[in-house]
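Written below as structure tokens is the structure these notes are about.
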Amino acid sequence: MNSFQPIGSKDLLRLSDLAQHEILDILATAADFKRNPERVAGAMSGKSVCMLFEKPSLRTRMSFEVGVFRMGGQAIYLEHREAPLGTRETISDYGKNIERWCHAIVARVHSHSTVVDLAAATRIPVINTLCDMHHPCQALADLQTLIERGFDLNHSRLAWVGDGNNVCHSLIEAASILGFGITVVTPKGFEPDSTVVSQCVARSMRTGARIEVTNDIGAIQGAFAVYTDTWTSMGQTESNAKKSAFEAYRVDRKVMAIAGPTSLFMHCLPAHRGEEVTDEVIDSANSVVFDQAENRMHAQNALLCHLLSPKSSLSKSDDFNTAHARHPTPALQ
Ligand code: CP
Ligand code: NVA
């Protein structure tokens, strides 16, 4: 059995919750699991993961359920599309129940504040699997995919084309932590969140990352890979005005030609063929979209193993009482 370097049984609400060496450790384990699938057996024996979803999913649900099963653990899917968290009971009460049975919570929610509240209320790791602001598990799988294809964390550059929201934010954070280059190209008005960008730019002073945000599609020239995402994220209302703004940012053969003949095409999926990407690009030999999907499982298995390593305390706090003191139960008057 592998001995995983514990990362302190913390939460993963956004990629920047992880240090550079923690991300690199997780990626090394993920690559090892992919090469040697037998090594995951038993890694989560006797452990249960609660998976709560306020939004639909194919890849996240499947990759966690299959991944935890292969590690000998149990994943329990909780559907919250009809009644978002906090409506039947408080988020805090919900979390304090779950932690009595489960070893980790995987949460796909509308608002980032929901995972923040859940993490604050519980002593087990909370893993954000997509909110309005971040998608850190996607970024881990994308990093694994890029590295497999020869992406050089010191010299290569990733290009983002499309909406500057959740997946884009996690990739900018990845660049800023690991020190690689990222060019984010969006239509006017759809740039990434300015606070996320400024935090990443500040971090890049230490790591050497080159972060560029522009509306000019020509800026993708020479990028190692071109990454796009849906124009209408889950929970958003389709708008013709938004679609028109994105027309010039569809990733088609001409856009890929600007990047260069060896540039890879990436997409977190689900794809809306004919909108953000054409069939000929997503189905081309340069497309790695299904590798990204497969790597969700390897990267997440690695993440769970590091978070739940026997050497790391199950509690996010070393001291049960300290944990409770942070969220004291008021005494009855
Ligand atoms: N990329 C991704 O998170 O896919 P799902 O929405 O299908 O989970
Ligand atoms: N931006 C997309 C990502 C889906 C994985 C969304 O939020 O729907």
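Indexing begins at 1, ligand by ligand and atom by atom, following the structure's order.
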Tell me whether ligand 1 is touched by [X] - counting only heavy atoms on the residue side and a distance under 4.0 Å.
X: M234; value: yes
X: R296; value: yes
X: R108; value: yes
X: R61; value: no

Inset, instruction - Please confirm whether H155 and F224 have ring centers closer than 6.0 angstrom. - result: no
Inset, instruction - Flag the pair F64 / Y77 as yes when their ring centroid distance falls below 6.0 Å, and as no otherwise. - result: no
I'd like to check whether [X] has a polar contact with ligand 2, where a contact means an N/O of the residue lying under 3.5 Å from an N/O of the ligand.
X: D229; result: yes
X: S233; result: yes
X: N166; result: yes

Legend entry - Proximity to ligand 1 by part of L130, non-hydrogen separation under 4.0 Å: neither
Legend entry - H135, portion touching ligand 1 at heavy-atom distance under 4.0 Å: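 The answer is the side chain of H135.
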Legend entry - Proximal ligand 1 atoms for L58, defined as those under 4.0 Å from one of its heavy atoms: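 Heavy-atom distances to L58 below 4.0 Å select 5 (P), 7 (O), 8 (O).
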Legend entry - Closest contact, heavy atoms only, L85 versus E54: N-OE2, 2.8 Å
Legend entry - For S111 against C131, the heavy-atom pair lying closest together: C-CB, 4.2 Å
Protein heavy-atom partner closest to [atom] - residue, atom, separation in Å:
atom: atom 4 (O) of ligand 1; answer: R59 NE, 2.9 Å
atom: atom 5 (C) of ligand 2; answer: L269 O, 3.7 Å
atom: atom 4 (C) of ligand 2; answer: M234 CE, 4.0 Å

Inset, instruction - Check the surroundings of atom CD in Q221: do more than 12 heavy atoms from other residues, nucleotides or ligands lie under 6.0 Å from it? - result: no
Inset, instruction - Using distance alone, with no hydrogens and no angle criterion, decide if Q300 and S63 have a side-chain donor and acceptor under 3.5 Å apart. - result: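 Yes - a donor-acceptor pair under 3.5 Å links their side chains.
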Legend entry - Sequence-distant partners of R250, salt bridge (charged side-chain N to carboxylate O under 4.0 Å, His left out), two or more places apart: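 Scan of R250 (salt bridge (charged side-chain N to carboxylate O under 4.0 Å, His left out), adjacent residues dropped) gives E247.
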Legend entry - SB check D283 R273 (cutoff 4.0 Å): yes
Legend entry - Heavy-atom donor-acceptor pair, N128 side chain to L13 backbone, under 3.5 Å: yes
